[in-house]
Amino acid sequence: MEKLEGKSLNSIYNELNEEEKAGIQQQIGRYSAMLNQLEGERFGYYGQPDKQGENWFHVFKSMIDDTVYDAERKNVDLRISVEELHDLLGRDRRYFEEVVTPKFVHWDLWLGNIFVKNNRITGLIDFERCMWADVLMEVGFRTHDCDKSFLEGYGICELSKNQKIRAKWYDIYLFLIISLESDYRNYETRDPYFWATDRLIQRLSEVQDEKF
């Protein structure tokens, strides 16, 4: 980070006007699309080759299972029915079948991991969570904060029904991860836990009712 020019986008975002924000979001979309062009041989986290596999659904399911296991280890109440979670994921398995090519996904491109100078992106950091996966895992596709300018930069006008369903499931995975961070990272506040579990409950309900 000492080598990158500029500041983290998170630190200056509120100082930008809407036009400047839109321009940067388009850049994020373009850079995300460039990263996602890289293809791998197996799905899964880059740093966990022992957990990689050739079937995206199986790998994603194992990622969900790992978060549930981590919640049980720390007695974290996810405030949802784990049984229902597994049942619904099994029900929606067919929507994952169209993902056949592992693509390189940063997965953690939130504003704090993007450096900007003069409204131009100068660098992306924190690749430790990168994976070979469905490109819709990228932060820019999260349905609670999806930006039209990001989609324009990425080159997608609108997600298909199958894509919207998978995007909801990737929301759920993200919320599961954030639900655990207060306990695993010993945060001073449990605000992230309540923020994430509230949204986890909401998103699981949407998946159950097939509201896409």
Side-chain angles (χ1 to χ4, degrees), residues 9 25 27-68 70 85-86 88-90 92-114 124-181 196 199-200 202-204 206-207 212:
L9 182 55
Q25 285 292 343
Q27 293 176 60
I28 297 173
R30 289 197 296 271
Y31 280 122
S32 295
M34 291 171 64
L35 289 174
N36 297 161
Q37 290 178 9
L38 299 173
E39 297 183 359
E41 297 180 355
R42 293 163 63 84
F43 292 102
Y45 278 105
Y46 192 89
Q48 297 179 336
D50 57 314
K51 293 188 175 184
Q52 294 177 2
E54 297 180 357
N55 182 284
W56 171 232
F57 175 80
H58 290 161
V59 171
F60 180 69
K61 180 180 181 300
S62 73
M63 291 161 58
I64 293 285
D65 291 342
D66 284 346
T67 61
V68 171
D70 287 342
L85 174 71
H86 288 145
L88 290 173
L89 183 57
D92 289 347
R93 175 175 179 168
R94 64 188 184 278
Y95 299 113
F96 294 81
E97 293 178 352
E98 66 184 24
V99 184
V100 296
T101 303
K103 298 295 185 67
F104 184 86
V105 175
H106 184 290
W107 194 68
D108 200 19
L109 276 183
W110 71 288
L111 303 186
N113 287 337
I114 299 167
L124 310 174
I125 66 171
D126 281 5
F127 281 78
E128 78 275 6
R129 291 188 178 185
C130 66
M131 64 178 76
W132 300 107
D134 181 354
V135 300
L136 298 181
M137 288 286 290
E138 291 289 16
V139 170
F141 291 109
R142 297 289 53 79
T143 66
H144 63 283
D145 195 27
C146 190
D147 190 285
K148 180 181 178 181
S149 296
F150 169 87
L151 295 179
E152 291 175 352
Y154 196 93
I156 294 180
C157 296
E158 185 178 1
L159 300 183
S160 68
K161 175 186 176 181
N162 287 9
Q163 289 176 322
K164 290 179 180 178
I165 293 172
R166 295 201 308 276
K168 293 278 189 178
W169 275 108
Y170 305 151
D171 291 349
I172 288 172
Y173 179 64
L174 175 63
F175 297 148
L176 284 169
I177 294 291
I178 298 176
S179 297
L180 304 176
E181 289 187 343
R199 282 155 182 78
L200 180 59
Q202 176 185 359
R203 200 64 84 247
L204 195 63
E206 292 171 357
V207 166
F212 306 110

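In what follows, residues are counted from 1 in the order of the sequence shown.
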So which atom in [X] and which in [Y] form the shortest heavy-atom distance, rounded to 0.1 Å?
X	Y	answer
Val105	Val135	CG2-CA, 3.9 Å
Phe60	Leu89	CE2-CD1, 4.1 Å
His106	Leu109	ND1-N, 3.4 Å
Gly140	Cys146	O-SG, 3.7 Å
Leu159	Ala167	CD1-CB, 4.3 Å
Phe150	Ser32	CE1-OG, 3.6 Å

If you measure from [atom1] on [X] to [atom2] on [Y], what distance do you get to the nearest 0.5 Å?
X	Y	atom1	atom2	result
Tyr95	Lys164	OH	NZ	13.0 Å
Thr143	Leu136	OG1	CG	11.0 Å
Ile178	Arg199	CD1	CZ	9.0 Å
Leu38	Cys130	CG	SG	10.5 Å
Thr67	Leu200	OG1	CG	9.0 Å
Asn113	Asp126	CG	CG	4.0 Å

With a sphere of 6.0 Å drawn around [atom1] of [X], does it hold more than 12 non-hydrogen atoms of other residues, nucleotides or ligands?
X	atom1	value
Glu128	CD	yes
Glu98	CD	yes
Lys61	NZ	no

Do Asp66 and Lys51 sit within salt-bridge range, that is, some charged N less than 4.0 Å from a carboxylate O?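 Salt bridge flag = yes for Lys51 with Asp66.
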Electrostatic pair Arg94:Glu97 at N-O distance under 4.0 angstrom: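 No, Arg94 and Glu97 are not salt-bridged.
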Going by heavy atoms in the side chains, are [X] and [Y] under 4.5 Å from each other?
X	Y	answer
Gln25	Ile28	yes
Asp108	Phe127	no
Tyr31	Leu35	no
Ile177	Arg129	yes
Glu158	Gln163	no

Ring-plane angle category for Tyr46 and Trp132, please: parallel below 30°, perpendicular beyond 60°, tilted otherwise.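 Tyr46 and Trp132: tilted rings.
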Are Phe175 and His144 an aromatic pair by the rule of ring centers under 6.0 Å?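 Centroid distance Phe175-His144: below 6.0 Å, so yes.
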For Trp110 and Leu9: C-alpha separation, side-chain torsions, deciding distance, then whether side chain to side chain contact (heavy atoms under 4.5 Å, CB included) applies. CA-CA 9 Å; Trp110 71 288; Leu9 182 55; over 6 Å; no
Flag, side chain of Arg42 to backbone of Asn55, donor-acceptor distance under 3.5 Å: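 Flag not set: sc Arg42 to bb Asn55 has no pair under 3.5 Å.
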Examine distances only and state if a side-chain atom of Glu138 and a backbone atom of Trp107 form a donor-acceptor pair shorter than 3.5 Å.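 Confirmed, Glu138 side chain pairs with Trp107 backbone.
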Ring pair (Phe, Tyr, Trp, His ring centres under 6.0 Å) partner of Phe57, the single match among Trp169, Phe96, Phe43: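 Going through the options one by one, the only one that passes is Phe96.
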Set out, in order, the CA-CA distance, both residues' side-chain angles and the distance that settles side-chain hydrogen bond (donor to acceptor under 3.5 Å, both in side chains) for Gln52 and Gln48, then state yes or no. CA-CA 7 Å; Gln52 294 177 2; Gln48 297 179 336; over 6 Å; no
